[in-house]
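Small disclaimer: the values here were computed from a predicted structure and weren't measured.
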Protein chains: 2
Amino acid sequence: MKITSSTEYATRLIVNLGRTFGAAAVSTEKLSESENVPADYVNQLLLRLKRAGLVQSHRGSGGGYSLSRSPEKITLGEVLRAVEGTIFEDVCGKYNDGRKDCHHQGHCGISPVWQKLAALIEQYFDSITLAHLMEEKAGSCGKVEAMLGRIPQ
Amino acid sequence: MKITSSTEYATRLIVNLGRTFGAAAVSTEKLSESENVPADYVNQLLLRLKRAGLVQSHRGSGGGYSLSRSPEKITLGEVLRAVEGTIFEDVCGKYNDGRKDCHHQGHCGISPVWQKLAALIEQYFDSITLAHLMEEKAGSCGKVEAMLGRIPQ
DNA sequence: AACATACTTGACTATTTTAGTCAAGTATCG
DNA sequence: CGATACTTGACTAAAATAGTCAAGTATGTT
């Protein structure tokens, strides 16, 4: 498991837009330079964010992208779903040698574990907003810290 | 993000071994049949579990694999590290256009979020034992349930 | 000892996904 | 009208995943 480049880049890009929220739009070329992401890739990623309604675009000279909503109202979960399609792919029924039903259906101790992991990860990402990411200091995600602290040993 | 076939298969295989813990060893061919995993792939996966010390092998006729320890003493985290190498790959410094240091180092609101996700996932897997997986009823992982219930909204 | 069973090793291949590129557009501003 | 900048969709290269294969070595049984 890992964070893909699309996820990492899209997150940097939208956080960057968050910093100028309320001010002028930022062109993809400027974003490409300041975030060190290939320009065509920036285009592709911002388009996905736009289609998901997270950012808006302005064409023509002086155009570019800007957030559709304030940073407190955009979650990392929304960003990930916009760029990746789904955050955590459902595995049930996938590695079952052609059969459609879950291999360990009925009496299954395994698939609930994958499903709960999926829920855990989605809730984690949904609990983080762009505003949190913009705080720009290590360990700034209080909710996450609290959650980790409470995992039973 | 997803569960890979290696992870899913290895988990099914070692849970299968857990069910006959204390009894005779199980051959890779039998495991292949009962879990619907290609025989050569079973070999490969069990070898990794063996090298990690989670299972032991017995050669010759009547041989096969068996758990090295009781199911309560083997965690899913250990299984995943054995088959995947690492559970969650560190992304810091990876998408940085050749630079070695983290792109958003110093004032970074993003990388702590990836790192905490990694910690969250590892702790999740480390909290689940084979014994939990063998309980064979949905929603059997009490600790996980508790953890999910406590995620702040 | 011979033979069957079954693990061991490492390399090899095919498929899919990821990461990024490219070209030919369309809309807007000055 | 021309420069700026988003839009669309297809395309390619590299890497990871998902297996496969062949040639072993060790053990138990007859």
Side-chain angles (χ1 to χ4, degrees), chain A residues 1-13 17 24-33 35-52 54-66 68 80 83-89 91 94-98, chain B residues 1-13 17 24-33 35-52 54-66 68 80 83-89 91 94-98:
Chain A
M1 273 185 249
K2 62 172 187 185
I3 298 298
T4 66
S5 68
S6 293
T7 292
E8 162 80 8
Y9 292 161
T11 305
R12 294 215 301 249
L13 294 171
L17 291 181
V26 184
S27 72
T28 56
E29 187 159 1
K30 282 233 173 81
L31 285 168
S32 168
E33 284 164 19
E35 296 297 340
N36 275 289
V37 179
D40 283 324
Y41 209 0
V42 171
N43 274 319
Q44 194 183 113
L45 293 170
L46 284 177
L47 209 50
R48 293 188 213 170
L49 295 176
K50 189 205 167 181
R51 284 173 177 153
L54 302 180
V55 301
Q56 43 189 209
S57 60
H58 309 272
R59 305 235 271 208
S61 175
Y65 285 94
S66 58
S68 294
L80 293 197
V83 295
E84 303 280 1
T86 81
I87 292 181
F88 198 92
E89 192 182 321
V91 81
K94 196 177 172 192
Y95 304 121
N96 298 317
D97 198 30
Chain B
M1 271 186 248
K2 61 169 190 188
I3 298 298
T4 65
S5 68
S6 295
T7 292
E8 162 80 8
Y9 292 161
T11 304
R12 293 214 302 250
L13 294 172
L17 292 182
V26 184
S27 72
T28 56
E29 188 159 2
K30 282 234 172 80
L31 285 168
S32 167
E33 284 164 19
E35 297 297 340
N36 275 288
V37 178
D40 284 325
Y41 209 179
V42 171
N43 274 319
Q44 192 183 117
L45 293 170
L46 284 178
L47 210 50
R48 292 188 214 171
L49 294 177
K50 189 204 167 183
R51 286 173 178 155
L54 302 179
V55 301
Q56 44 189 205
S57 59
H58 309 273
R59 308 235 269 206
S61 173
Y65 285 94
S66 58
S68 296
L80 294 200
V83 295
E84 303 280 359
T86 83
I87 293 181
F88 198 93
E89 193 182 321
V91 79
K94 197 179 173 194
Y95 304 120
N96 298 317
D97 198 29

Any side-chain N or O of Arg51(B) under 4.0 Å from OP1/OP2 of dT9(C)? yes

With heavy-atom distances below 4.5 Å as the criterion, would you say the side chains of Tyr41(B) and Ser32(B) are in contact? no

Students often get this wrong, so: under 4.0 angstrom with heavy atoms, is Arg48(B) touching a base, only sugar-phosphate, or nothing? nothing

Are more than 12 heavy atoms, taken from residues, nucleotides or ligands other than Glu29(B), located less than 6.0 Å from that residue's CD atom? no

In whole angstrom, give the distance that lies between atom NZ of Lys50(B) and atom P of dC7(C). 11 Å

Would you indicate which nucleotide in dT4(D), dT8(C), dG19(D) comes nearest to any side-chain atom of Ser57(B)? dT8(C)

Using side-chain contact (heavy atoms from CB on, under 4.5 Å), reason through Leu47(B) and Tyr65(B) one step at a time and then give a plain yes or no. CA-CA 10 Å; Leu47(B) 210 50; Tyr65(B) 285 94; 3.9 Å; yes

Rounded distance (Å) that lies between atom C1' of dG25(C) and atom CG of Asn43(A): 13 Å

Do you see a donor-acceptor pair shorter than 3.5 Å between the side chains of Ser6(B) and Glu84(B)? no

How bent is the helix from dA1(C)-dT30(D) to dG30(C)-dC1(D), comparing axes over its five end pairs at each side, to the nearest 10°? 10°

Closest to the Tyr9(B) side chain, choosing from dG19(D), dT5(C), dC29(C): dG19(D)

Atom pair distance, as rounded to whole Å: OH in Tyr65(B) and C1' in dT5(C): 14 Å

With nearest nucleotides of DNA chain D determined for Gly62(B) and Asp40(B) from heavy-atom distances, which residue corresponds to the more 5′ nucleotide? Asp40(B)

What pair of heavy atoms forms the shortest contact from Lys2(A) to Met1(B), and how long is it? O-CG, 3.9 Å

Starting the side chain at C-beta, find the nucleotide from dC7(C), dG28(D), dT9(C) nearest to Ser61(B). dG28(D)

What is the distance, to the nearest angstrom, from the CG atom on Leu45(A) to the P atom on dT7(D)? 14 Å

Nearest-Å distance, NZ (Lys30(B)) to C1' (dA6(C))? 11 Å

Shortest non-hydrogen separation from Leu45(B) to Tyr9(B) and the atoms involved: CD1-CB, 3.6 Å

I need the Leu13(A) CG to Leu31(A) CG distance, nearest 0.5 Å. 5.5 Å

Between dA18(D) (P) and Ile3(B) (CD1): distance, integer Å: 11 Å

CD of Gln44(B) to OG1 of Thr28(B), rounded to nearest 0.5 Å, is 12.5 Å

Of the listed dT8(C), dT29(D), dC7(C), the closest approach to the Ser27(B) side chain comes from dC7(C)

Go through dT7(D), dG24(D), dT8(D) for me and flag the one nearest to the Arg59(B) side chain. dG24(D)

Hey, what do you get for CD1 (Ile3(A)) to CZ (Phe88(B)), rounding to the nearest 0.5 Å? 4.0 Å

Tell me: CG of Leu47(B) to P of dA6(C), nearest whole Å? 17 Å

For atom NE2 of His58(B) and atom P of dT27(D), their distance in whole Å: 12 Å

Can you pull every protein N or O that's under 3.5 Å from an N or O on nucleotides 11-18 of chain C?
none

Could you go through Leu46(A) and Leu17(A), starting from their C-alpha distance and side-chain angles, then the distance that decides it, and tell me whether this counts as side-chain contact (heavy atoms from CB on, under 4.5 Å)? CA-CA 11 Å; Leu46(A) 284 177; Leu17(A) 291 181; 4.3 Å; yes

